[in-house]
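Structure record follows, encoded as structure tokens.
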Amino acid sequence: MTCIVISALGYALLGVSTNIYIYALARIPVGIFKHSLSISKAFLSDLVTEEERPIVMGRFNAASSLGFILGPVVGGSLTELPGGFYITSFLCSSIFIINAGLVWLLPWYEDKPSCVAPFPNESSFNGITDTSALKSDLTLHTYQMENQIIKKHKKQTFWTQVVSAFRKVAGVAFSHMWEIFLVRLLSAIAVMLYYSNFALAMEERFHMTPRMTGYLISYGSTLGVLAGFLLGPLSRIYKHNSYIMLLHSNILTFFSILVYSLAPKMWIVVLALTLLAFSTNIGRTCIVDLELTQGVKHGSGTLIGVGQSVTSVGRILVPLWSGIAQEYSPCGPPQLGAVLSLASIFLMYKSKLCYSGSAQTKVKSA
């Protein structure tokens with residue numbers, strides 16, 4: 001609820017921005033709190049078994065991709081209107097508010113600290129003959145004890161939990177999982193470089209309008225939904241080996257980005273986009289499953305949070321790298337992305353990681 005409501009306020013502030021300073025200020029709460037997908041993934045991972053997790057995550061990503069089908073079309077159309085940016089910002093804020101209302105309607109589950117109030121001694125019953133009065137006194141006594149324990153518990157554990165969270169993050173970052181996170185970083189940067197100048201490249205290379213580019217992006221998102229529902233059969237074909245699925249999806253991603261960057265005709269771009277939609281959605285699910293499997297002792301929330309932070313590092317680097325590559329050629333960013341995607345494949349092969357069965361036990365070859 002906190003993430004959704006503050007994100008709504010951030011987009012509303014973006015809609016009333018009249019200069020670059022308000023615009024930058026509006027991006028701060030959105031950047032910090034727009035992580036409802038990460039929280040949902042952490043919650044889902046605790047509800048399903050390890051074998052079911054890739055299938056459930058794939059369906060969750062498919063549901064998320066439905067928004068990316070409608071979003072680019074609506075955004076591309078509104079952008080062409082006078083004041084389209086501000087209209088789009090307020091529309092985003094309104095959707096977040098509606099989403100907050102939907103979350104509020106969901107059933108709430110809350111763990112309360114267990115406490116047992118000391119039962120009154122025998123002298124407490126002297127002179128009491130009314131059973132209802134006795135029950136009322138006991139209820140009030142228990143309620144007061146619970147409030148005292150809860151308040152004391154909160155005071156003692158707040159800073160302890162903060163320090164513990166930082167320790168968990170550091171433990172994950174410097175653990176044996178650095179290879180998985182580096183593969184995630186390289187793959188994320190590769191795909192983000194592909195999308196970084198997609199609209200501009202389509203306009204310069206094929207003279208496409210923003211609306212047509214929006215349709216093309218929605219087409220890719222539609223295929224992403226289909227890929228999410230295909231994860232179940234694919235997992236059975238691969239015998240629930242997420243590592244091999246990730247390796248093959250990264251290979252397909254590399255060839256798709258490379259073909260797109262060299263495509264002389266529009267139908268080749270559509271073909272590359274089709275393959276990329278499948279490979280990226282499958283790869284995104286597999287990398288999350290690997291993180292949760294190999295780092296089970298760290299907790300799903302911490303792992304998914306660190307993974308998102310790794311991806312955020314890529315978002316910081318991509319604008320700079322994309323701008324430099326754009327100076328070379330409109331095809332520069334995707335070509336750089338293809339190189340980084342190839343590097344992630346090389347890292348997976350070089351590290352000699354093998355995963356067997358559904359448990360996917362990590363074994364390093366000598």
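As the structure is a prediction and not an experimental result, all values here were calculated from the model.
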Whether over 12 other heavy atoms sit under 6.0 Å from Tyr328 OH: no
From OH (Tyr243) to CD1 (Ile287), nearest 0.5 Å: 10.5 Å
Closest approach of Tyr260 to Ala201 (non-hydrogen atoms, all atoms of both residues): OH-CB, 3.7 Å
Single-linkage hydrophobic cluster Ile180~Tyr238, side-chain heavy atoms < 4.5 angstrom: yes
Common cluster, Leu182/Val313, ILVMFWY with side-chain heavy-atom separation under 4.5 Å: yes
Side chain to side chain, His248 and Ile244, heavy atoms closer than 4.5 Å: yes
Minimum heavy-atom distance between Asn281 and Ala227, given as atom pair plus value: CB-CB, 4.1 Å
Atom pair OG/OH of Ser93 and Tyr11 - distance to nearest 0.5 Å: 10.0 Å
Minimum-distance pair of heavy atoms, taken over all atoms of Glu204 and Pro330: OE1-CG, 3.2 Å
Nearest heavy atoms of Ser249 and Leu246, plus distance in Å: OG-O, 2.8 Å
Over 12 foreign heavy atoms within 6.0 Å of CZ, Phe255: no
Separation of Leu340 CG from Gln335 CD (nearest 0.5 Å): 12.5 Å
Steps toward side chain to side chain contact (heavy atoms under 4.5 Å, CB included) verdict (Ser187, Thr253): CA-CA 9 Å; Ser187 302; Thr253 298; over 6 Å; no
Distance-minimising heavy-atom pair for Ile345 and Ile251: CD1-CA, 3.5 Å
Phe346 CZ: over 12 foreign heavy atoms closer than 6.0 Å: no
Verdict with reasoning, Phe60 to Leu37, per side chain to side chain contact (heavy atoms under 4.5 Å, CB included): CA-CA 9 Å; Phe60 177 80; Leu37 288 179; 3.7 Å; yes
Non-hydrogen side-chain atoms of Val30 and Arg27 separated by less than 4.5 Å: yes
Derivation of the side chain to side chain contact (heavy atoms under 4.5 Å, CB included) call for Val259 and Leu275: CA-CA 10 Å; Val259 168; Leu275 298 176; over 6 Å; no
Side chain to side chain, Glu203 and Thr213, heavy atoms closer than 4.5 Å: no
Leu347 CG to Glu179 CD distance, which is reported to the nearest 0.5 Å: 6.5 Å
Spacing of CG belonging to Leu276 relative to OG belonging to Ser256, to within rounding of 0.5 Å: 5.0 Å
More than 12 heavy atoms from other groups under 6.0 Å of CE on Met208: yes
Residue pairs, two or more places apart or on separate chains, that pass side chain to side chain donor-acceptor pair (under 3.5 Å) and touch residues 189-198: Ser196-Ser322, Asn197-Gln326
Contact check, side chains of Phe96 and Leu9, non-hydrogen atoms, under 4.5 Å: no
Which residues share a side chain to side chain contact (heavy atoms under 4.5 Å, CB included) with Thr274, sequence neighbours left out: Tyr219, Leu223, Val270, Phe278
Within-4.5 Å side-chain heavy-atom neighbours: Met266 and Met202: yes
Non-hydrogen atoms of Ala100 and Val5 that approach each other most closely: CB-CG2, 4.1 Å
Heavy-atom side-chain contact between Phe85 and Leu14 under 4.5 Å: yes
ILVMFWY cluster membership beyond Ile6 - transitive side-chain contacts under 4.5 angstrom: Leu13, Val16, Ile22, Leu25, Ile28, Ile32, Phe33, Phe90
Point-to-point distance, once rounded to the nearest 0.5 Å, from CG of Leu342 to OG of Ser344: 7.5 Å
